[in-house]
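For the numbers below, each heavy atom of this structure counts, side chains included, while hydrogens, waters and symmetry mates do not. Residue numbers begin at 1 in each chain, while the letters A, B, ... track the order of the sequences.
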Number of protein chains: 2
Amino acid sequence: MRLERRKNYKPHFFWDSDVAKWMEGAAYVLSKEDRPDIEEKLEWLIDQIEKNQGDDGYFNIYFTVIEPENRFSNRDCHELYCAGHLMEAAVAYYEGCGKDRFLRLMEKYADYIYRVFVEEKSAAFETPGHEEIEIALIRMYRATGRKKYLDLCGHFLNRRGVADNNEEHILKYPRYAQSHLPVREHTEAFGHSVRAAYLYSGMADYAAETGDEAMLNACRAVFDDITKKKMYVTGGIGSTNVGEAFTVPYDLPNGQAYTETCASIGMMFFANRRLEADPVRSSKYADIVELEMYNGAMSGLSLDGISFFYENPLEVYCRDRERHTAMAGEERFPIPCRVMMFWCSCCPPNITRTFSSIEKYFYAYDETENAVYVNQFGSSVYEDGDVKVEQVTDYPHNGKVKITSTVPVYVRVPGWCRKFSADGAYKMVNGYARFEAGEVNVEFEIKPELVKSNVNVVRNIGKAALRRGPVIYCIEGVDHECDINTLAYDRAALKDAKIVPDESIGLDVIELDGARLVDSDPDALYAPLEECYTAAKIRAIPYHAFANRGITDMLVFVSYR
Amino acid sequence: MRLERRKNYKPHFFWDSDVAKWMEGAAYVLSKEDRPDIEEKLEWLIDQIEKNQGDDGYFNIYFTVIEPENRFSNRDCHELYCAGHLMEAAVAYYEGCGKDRFLRLMEKYADYIYRVFVEEKSAAFETPGHEEIEIALIRMYRATGRKKYLDLCGHFLNRRGVADNNEEHILKYPRYAQSHLPVREHTEAFGHSVRAAYLYSGMADYAAETGDEAMLNACRAVFDDITKKKMYVTGGIGSTNVGEAFTVPYDLPNGQAYTETCASIGMMFFANRRLEADPVRSSKYADIVELEMYNGAMSGLSLDGISFFYENPLEVYCRDRERHTAMAGEERFPIPCRVMMFWCSCCPPNITRTFSSIEKYFYAYDETENAVYVNQFGSSVYEDGDVKVEQVTDYPHNGKVKITSTVPVYVRVPGWCRKFSADGAYKMVNGYARFEAGEVNVEFEIKPELVKSNVNVVRNIGKAALRRGPVIYCIEGVDHECDINTLAYDRAALKDAKIVPDESIGLDVIELDGARLVDSDPDALYAPLEECYTAAKIRAIPYHAFANRGITDMLVFVSYR
């Protein structure tokens with residue numbers, strides 16, 4: 001299935017942001033590789049921006065070309081969101097490649113925004129409808145040292161929930177755009193999940209720069225609210241398509257999960273910033289980054305790298321869809337396979353920029369102690385002056401990691417890990433094993449394990465997800481001859497599970513003995529209760545690799561015995 | 001919650017049918033009781049019909065008053081459906097009370113319909129959009145002996161799926177109104193479930209009168225398709241609100257069940273007619289009548305007798321509704337409590353006419369053998385000339401039935417019954433125990449039992465419904481302190497279940513020891529699988545009595561251990 005571009009189509013007012021995310025990704029690639037083809041495209045785009053930017057600094061193709069009279073008149077038209085993405089791209093190009101032309105253009109734009117929103121207060125609204133510029137302004141501040149950008153970020157954060165909180169939004173609730181309360185009073189995650197994650201990321205950045213304790217506490221509270229009540233086992237967030245939003249605690253339907261790819265990415269941002277912003281570095285933040293990296297965010301991309309999910313359901317049941325073609329009904333389901341582009345194509349370039357800068361999440365330098373935090377695992381080298389840390393590992397295929405460091409290292413012991421060993425002395429600090437400088441071999445025991453949900457997630461009662469290390473597994477119809485809903489994991493057989501390569505997806509999968517529920521009288525619709533199982537082989541594949549072999553049923557949460 | 005009548009409201013084009021169903025119910029009451037108040041109202045209504053009927057015989061208040069130019073121009077405007085209900089009421093009044101004025105008016109109307117549809121073919125369509133008149137015409141034929149009405153019924157049946165099968169219906173599919181195939185070729189139940197049940201009832205009647213084997217076979221096939229693949233454990237039919245329709249086999253969602261009260265009543269009609277039409281009387285038809293009577297149809301009525309369900313869900317989970325007030329979403333759920341009237345109030349008077357003539361379903365006389373079939377149980381007397389059968393019983397509170405008969409009796413052994421005994425000799429014939437004339441005491445062992453669904457009903461895997469005799473039970477939030485989704489029936493404890501009176505609903509309920517799933521770490525959203533149960537008392541109430549104590553969660557299918 002390939003979505004086609006519609007005819008006679010007026011472009012999205014936020015397509016600048018998609019181009020900007022591609023530019024940011026391109027900058028990351030260029031910072032690591034010599035790619036003249038990409039550089040040429042990126043420079044050409046910067047030329048266009050330079051040519052089309054207003055003398056006052058304003059730049060937005062949609063509002064310049066289509067609706068010039070409506071500049072900064074509609075809070076929900078994403079101008080500040082687009083501006084933020086352009087600024088992030090400019091900073092990435094400057095920091096990665098030392099090229100500052102784009103950054104200068106964006107400084108001019110940021111200065112203009114400062115004038116309009118802080119000095120003149122001439123816009124029709126005070127705060128961005130879709131957050132993003134907060135993150136970007138911190139990056140601009142860090143790249144340029146100009147405090148004005150930090151102040152502008154603070155201005156937007158401080159006015160949020162103070163101004164613009166009574167408007168009749170298209171989705172009616174100020175909390176859709178997190179505008180229902182001053183940001184320091186937030187304790188629960190509400191509304192559009194990407195907006196929320198971006199806002200909280202910006203707040204964490206701002207708190208890190210300013211030491212704003214109230215803002216940090218709000219970040220702590222919403223982080224816990226999300227990870228303890230509103231997050232899928234894959235890291236996905238946003239339980240409903242209506243408003244692409246968070247709903248109520250423990251409401252995590254599998255088949256109609258919204259769990260936008262961008263929201264998982266936003267959650268990576270937020271978790272990583274929480275890690276960086278919090279004086280107490282706790283491994284729980286890097287755990288969430290890892291969860292998103294291997295599951296909820298990575299599932300957005302097809303194995304061939306050219307198709308994408310916008311939504312990432314945890315269940316595909318094709319018969320549910322037939323149910324609604326049986327009559328003329330239109331119950332809404334996520335698409336069951338990835339496509340090359342969407343009407344709103346925010347997710348594909350977000351994956352590009354995130355996975356092309358994945359190294360950001362691996363190490364963190366702690367200057368107070370002259371130590372390095374090893375947050376993520378993968379063969380890699382961290383080097384900054386005299387400080388050098390090197391990892392050699394096949395993680396997550398196995399849990400062995402060899403680390404060589406010139407300074408003390410804090411090695412994250414993943415939250416999923418139940419057995420950790422090392423050939424050197426260490427002490428545990430907030431979920432990290434602290435080793436002195438030198439070489440150490442650590443091992444996290446990685447084996448298949450079943451994971452249950454909190455009982456409040458009532459739809460998952462009687463079901464469990466299979467996890468191996470950081471990777472969540474699912475089962476797909478294409479690998480089984482029966483309805484996969486009738487399959488059950490066998491707890492007793494888990495210890496004999498086999499890890500085997502699967503050519504059809506080019507990845508290791510888990511083969512295990514399970515059971516299949518059958519009817520002693522298949523003709524009866526109802527019958528006295530009996531449980532009749534036959535043996536069944538179950539093949540579980542990494543969740544992120546689902547839907548790469550045609551449209552087929554899929555389950556993350558599976559019955560068990 | 002009480003629905004209010006809307007202002008500036010144009011009446012439904014099918015309100016004649018609701019009045020007619022009330023009239024039919026009134027006639028049944030008058031046939032058994034001296035109620036001058038009801039008789040006065042009924043006669044007044046007949047006066048109005050007489051005064052407003054056209055000289056040609058046409059009668060339809062909507063099309064006479066509001067759209068006189070559109071008579072018989074729109075297949076989906078229910079004129080023939082309304083006519084059918086008026087005819088049924090007229091026959092009921094004539095047969096029950098000997099009054100023939102109404103019947104004569106309806107004969108005139110039926111003659112007019114015959115002229116328009118058979119002789120002149122002057123209507124804009126050939127067959128009823130909503131079936132019902134087929135049933136009515138058979139009753140008219142049986143009451144008057146005029147074969148013209150049987151022929152008109154046959155005409156409508158024979159043209160169905162031949163004419164009117166290509167129209168672009170409001171719900172797009174000809175099968176919505178069972179017009180996709182000639183009726184003798186139907187093997188699966190499709191489309192609007194009330195229409196379907198009424199059609200199949202009319203077909204069974206027609207086959208009984210004519211011996212039309214092909215039509216009888218179609219009835220057999222759709223009956224099996226429904227009862228083996230498309231019926232809820234309560235007898236409810238129609239799995240989606242979209243088109244109020246059947247969907248695909250085994251698609252039986254509990255919380256969003258449509259299961260219209262009228263559809264359960266229609267299924268009672270169909271099952272009873274199948275029983276009467278089939279040369280081989282099988283107890284499976286009367287089993288379905290019983291199932292509807294105690295469950296799917298009876299749940300339509302509140303315990304105080306003044307409020308009604310249109311839809312009869314098998315699950316109410318209040319948090320699902322909160323989920324959609326969290327944002328501005330509007331996922332559709334059945335109402336969680338009964339109301340006094342609906343915008344489309346077809347169900348309330350359908351309950352009235354059905355339960356006021358419930359005796360129809362109890363006995364059937366077999367003239368070839370001069371025997372009586374005892375299809376349903378309840379203290380009652382069947383008397384027709386020399387033939388007299390008397391039952392004394394507390395059924396379904398217990399399974400003891402004393403039967404005294406002047407002729408041989410066939411006593412249905414219910415399909416749910418696993419242990420049957422009698423103090424007289426009998427032989428089993430198609431699910432009935434045949435006894436010679438005289439007195440016999442039979443006993444059906446009635447005890448609480450768990451019932452599972454076919455594995456193809458994947459949503460019910462790991463869950464079971466509690467049944468006691470013909471009565472299906474549910475559990476309600478109001479009786480339990482925890483989320484009822486965390487409760488589990490305990491198979492081992494079932495034998496110690498207690499039957500106790502419950503004052504809050506005035507019925508016996510079942511108290512049993514069960515278990516409640518808890519988290520060892522209630523703070524964790526996900527955790528390694530463990531099953532941690534605490535003891536819990538479970539109170540199960542008859543399903544038909546649910547939602548009589550305010551808005552609360554309800555489950556028919558409950559987890560079990």
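Looking at A:P253, the atoms closer than 4.5 Å to chain B (heavy atoms on both sides) all sit in the side chain, from C-beta outward. With a 4.5 angstrom heavy-atom cutoff, A:K463 does not touch chain B via any of its atoms. Looking at A:A524, only its backbone comes within 4.5 Å of chain B, counting heavy atoms on both sides. In this structure, the portions of A:S239 lying under 4.5 Å from any heavy atom of chain B include both its backbone and its side chain.
When each of A:R467, A:R491, A:K229, A:K230 is scored by its heavy-atom pairs under 4.5 Å with chain B, the top score falls to A:R491. Between chain B and the options A:L450, A:V458, A:L252, the largest number of non-hydrogen pairs under 4.5 Å is found for A:V458. Residue with the most contacts toward chain A among B:D521, B:N460, B:N456, B:V457: B:N456 (heavy-atom pairs, distance under 4.5 Å). Note: B:A527 leads B:C532, B:S559, B:A527, B:P249 in heavy-atom pairs under 4.5 Å with chain A. Interface check for chain A: of the options B:V455, B:N485, B:V518, the most heavy-atom pairs under 4.5 Å are formed by B:V455.
The environment of NZ in A:K447 is sparse: at most 12 heavy-atom neighbours from other residues, nucleotides or ligands sit within 6.0 Å.
Taking CD from A:E531 and OH from B:Y560, the interatomic distance works out to 3.5 Å, rounded to the nearest 0.5 Å. Taken to the nearest 0.5 Å, the CG atom of B:L529 stands 8.0 Å off from the NZ atom of A:K452.
Side chain of B:R319 to backbone of A:Y250: a donor-acceptor contact under 3.5 angstrom is found. Judged purely by atom type and a 3.5 angstrom limit, B:N454 has no side-chain atom pairing as donor or acceptor with the backbone of A:D523.
Annotation: side chain of A:I461 is in contact with side chain of B:T486 (closest heavy-atom distance under 4.5 Å).
Across all non-hydrogen atoms, the minimal contact from A:L525 to B:I226 is CD2-O, 4.3 Å. Across every non-hydrogen atom of B:Y526 and A:V233, the tightest pair is OH-N, 3.0 Å.
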